[in-house]
Amino acid sequence: MRPTVRALEVGGLALVLVGAAIVFAQPLALFGAVLLGGWLLAHQYSFVQACSTVADAGVVTQETPRGTVHTDTTTPVTLTVSIPTVRDATVTVSGGLPVGATADSLECHLPPGTTEANGMAEVTWPIAGRHQFERPTVHVTDGLFEQTFPLGSAPRITVEPRTPQRIHVGAGGDQVPMGHGVHGARRGDAGLLPVDLREYLPGDSLSNVDWKATARLATPYVRTYQSETDRPTLVFIDHSSSMGRGPDGETQLDYLREVALATAESAARLEDPVGLYTVSEQGLTASIPPSTWPIHDHRKQLLTLEPLPGNREPTDPSTTITLGPAIDRTPARAAQLLTDGSDAFAATLRPFYTNRAVEKEPDDGHAALPSAVRSVVHTSQQQALVVVLTDDTDPKGVRRSVRTARDGGHDVLLFLTPTVLFEPGGLTDLEAAYDRYLDFERFRKELDRLDGVTALEVGPRDRITSVLATASRRRGGASA
Amino acid sequence: MSDHRLTRDGTDTQVTTWPGAIACLCLVGVFAFVGGPVGAVFGIATVFVFVAGGVPYAIAAGTLLGAVALPVTGGLQLVVLVGGIGALALVPFLPSRGSFFVCLGTILAVGVLAWMTRDPLWVGSGVTLVTLVSVSYGLHRLGLVRLGLVTHGEPETDGELV
């Protein structure tokens, strides 16, 4: 309880009267101070009674229509106040909006004698997370004293980010588990881990004899080894303009981003080096060379990735390592350089390159992703798992990318988003959507049948289910 | 009762009510009884202050005018004057019986205490102030307890587990 300026004025008057009583030796002034004190104390008593009445019998309700919303959505928050009649005090109730909410003030003002009031505010939720409302605060004042105290309910609201919630990763509508197991070595560049001791058998190499064990056990023993390797995982994610299709927060890129994050983290946990390469129509826009856990840079790059307009320049080289045409180390590029050169070195090497089958560079606009894959995998000294995440708008480019990776002896894991599931109004005609999905599925199967290639579809589970339900109805109609 | 009532102590409404008007008449009559026509003039001046500035300023003006200008020679005159001015202090609380009796009881109790300790006057003044401040603080704590705003502090330890 705090006195207002008015109450302090009255207290000051009482002190003046007390001073006057002492100075002028007038008891009447002292009794004037007594009157003032009695008047002020009676007001204070009334105020305490009013506050107690409001706190004991008042009902303040703070409500949101939904317990879960998405970021940047606006929801109404209502404040309902019901208090008993308070004659001499004004009551103001303020809603306890969380710090993470953006809204105009939520207040109810009840003049003396008013018992009920309602308030409403449009609240925007820009920050994801669980937000706890504070209890509404009741401010009571009678002009001489004021008091603020909490009263009423404090709901909680969950704000979910606009990210894909139900991601389908599978083949032909069937879900497949994500993740990678420990993989064996297929090349001779493996390390050796001691596994077990066993008795020497004819044919065992002497270099494998464990001499300490042999001396200890008085019998020749050899140590067996298991080869181990770190297979790099090279993640190529397409963020060209077409990847921005879909509702806000649930675009094709958003879905592929989640898959890329899961893939990269899974590989990194297995201590495999993970490289990340982002590709747009402009070519390779950023790259992070293969590195092991933790992969903070990869996460940061993926989480800040946005679809690039077609005419956008690659990202700032100061923040990412940009690979452009300068590192194109293909035989075609080498042959071109040697043709341009007129020195003895070029003349000596030229026949070696001109005799090689040089892949002709396409000029049909399908070169960005294959070029990026080629420029990276050709520099990889180890067999790698090449993970490509893109959509089906450029089948030719996807085929060439996969072929380029396979030609280098790398395994390919391909994640494709069916465009039909993301186009605005793409599912209004389910029959047409199903036909387009079948085209996509044929394309995916074609790639999946290639040796060393696994092609999976990525998309919203509910939309894939809707499209496949059409297939069920179609079959049902055909059988009837 | 309006918001204006909260900031003006209700003087504008009190003087238009019968209790307010009767209190003003009593005040003028008491001042006239003690000081004659001059006292009546001072009483009317106090009523003007009551209308214009409210109860606290009317009490302050009335007691100061009475102390300086009126011949208060005996205890009876003092009690009559305090009673006349005190009527103004009681008027706002007539609608609320509890607050009315708190006001009346406080004035009587503290007034008797001040009367008993008035010689020397500075002692009476000190006792009056201490009493008023103590009661006010008590009401403040009572309000906090009723509203559940009093935190029960944990006993301090030296940070070591026993």
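As the structure is a prediction and not an experimental result, all values here were calculated from the model. Just so we're on the same page: letters track the sequence lines, and every chain starts at 1.
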Aromatic ring pairing B/Y137/B/H140, orientation class (parallel under 30°, perpendicular over 60°, tilted between): tilted
When you measure from the side chain of A/R135 to the backbone of A/G152, do you find a donor-acceptor pair of N or O atoms at a distance under 3.5 Å? yes
Pick one of side chain, backbone, both or neither for A/Y45, based on which atoms fall under 4.5 Å of a heavy atom in chain B. both
Identified side-chain contact (heavy atoms from CB on, under 4.5 Å) counterpart of A/P136 within the set A/T80, A/L79, A/L151, A/T61: A/L79
Which atoms of B/Y57 come close to chain A, meaning under 4.5 Å heavy atom to heavy atom: side chain ones, backbone ones, both, or neither? both
Max heavy-atom pair count under 4.5 Å with chain A, selected residue of B/G86, B/G98, B/G66, B/S99: B/S99
Starting from the C-alpha separation in whole Å, work towards a yes-or-no answer on side chain to side chain donor-acceptor pair (under 3.5 Å) for A/T124 and A/T74. CA-CA 4 Å; A/T124 306; A/T74 300; 3.1 Å; yes
Could you check which of B/G148, B/A89, B/S125 has the highest count of heavy-atom pairs closer than 4.5 Å to chain A? B/S125
Taking C-beta and beyond as the side chain, do B/I107 and A/L35 meet within less than 4.5 Å on heavy atoms? yes
Within the side chain of A/Q132, is there an N or O that forms a donor-acceptor pair under 3.5 Å with the backbone of A/A154? yes
Can you check whether A/A262's main-chain N or O pairs, donor with acceptor, with A/S266's side chain at less than 3.5 Å? no
Counting only heavy atoms closer than 4.5 Å, note whether A/L41 contacts chain B via side chain, backbone, both or neither. both
What part of A/L15 is in contact with chain B, defined as an atom under 4.5 angstrom from a non-hydrogen atom: side chain, backbone, both or neither? side chain
Does the A/H298 side chain pair with the main chain of A/V274, one donor and one acceptor, at a distance under 3.5 Å? yes
Considering only heavy atoms, which portion of A/A21 lies under 4.5 Å from any heavy atom of chain B: side chain, backbone, both, or neither? both
Given B/S136, B/G143, B/A109, the one with more heavy-atom pairs under 4.5 angstrom with chain A than any other is B/S136
Does any heavy atom of chain B fall under 4.5 Å from the side chain of A/P150, the backbone, both, or neither of them? side chain
Could you tell me whether a side-chain N or O of A/Q62 sits under 3.5 Å from a main-chain N or O of A/E134, the two making a donor and an acceptor? yes
With only heavy atoms counted, which part of B/L129 is less than 4.5 Å from chain A, the side chain, the backbone, both or neither? side chain
Closest-packed option against chain B by number of heavy-atom pairs under 4.5 Å, given A/V16, A/V18, A/T4: A/V18
For A/T114, which atoms come within 4.5 Å of any heavy atom of chain B: side chain, backbone, both, or neither? neither
For B/L149, is it the side chain, the backbone, both or neither that has a heavy atom under 4.5 Å from a heavy atom of chain A? side chain
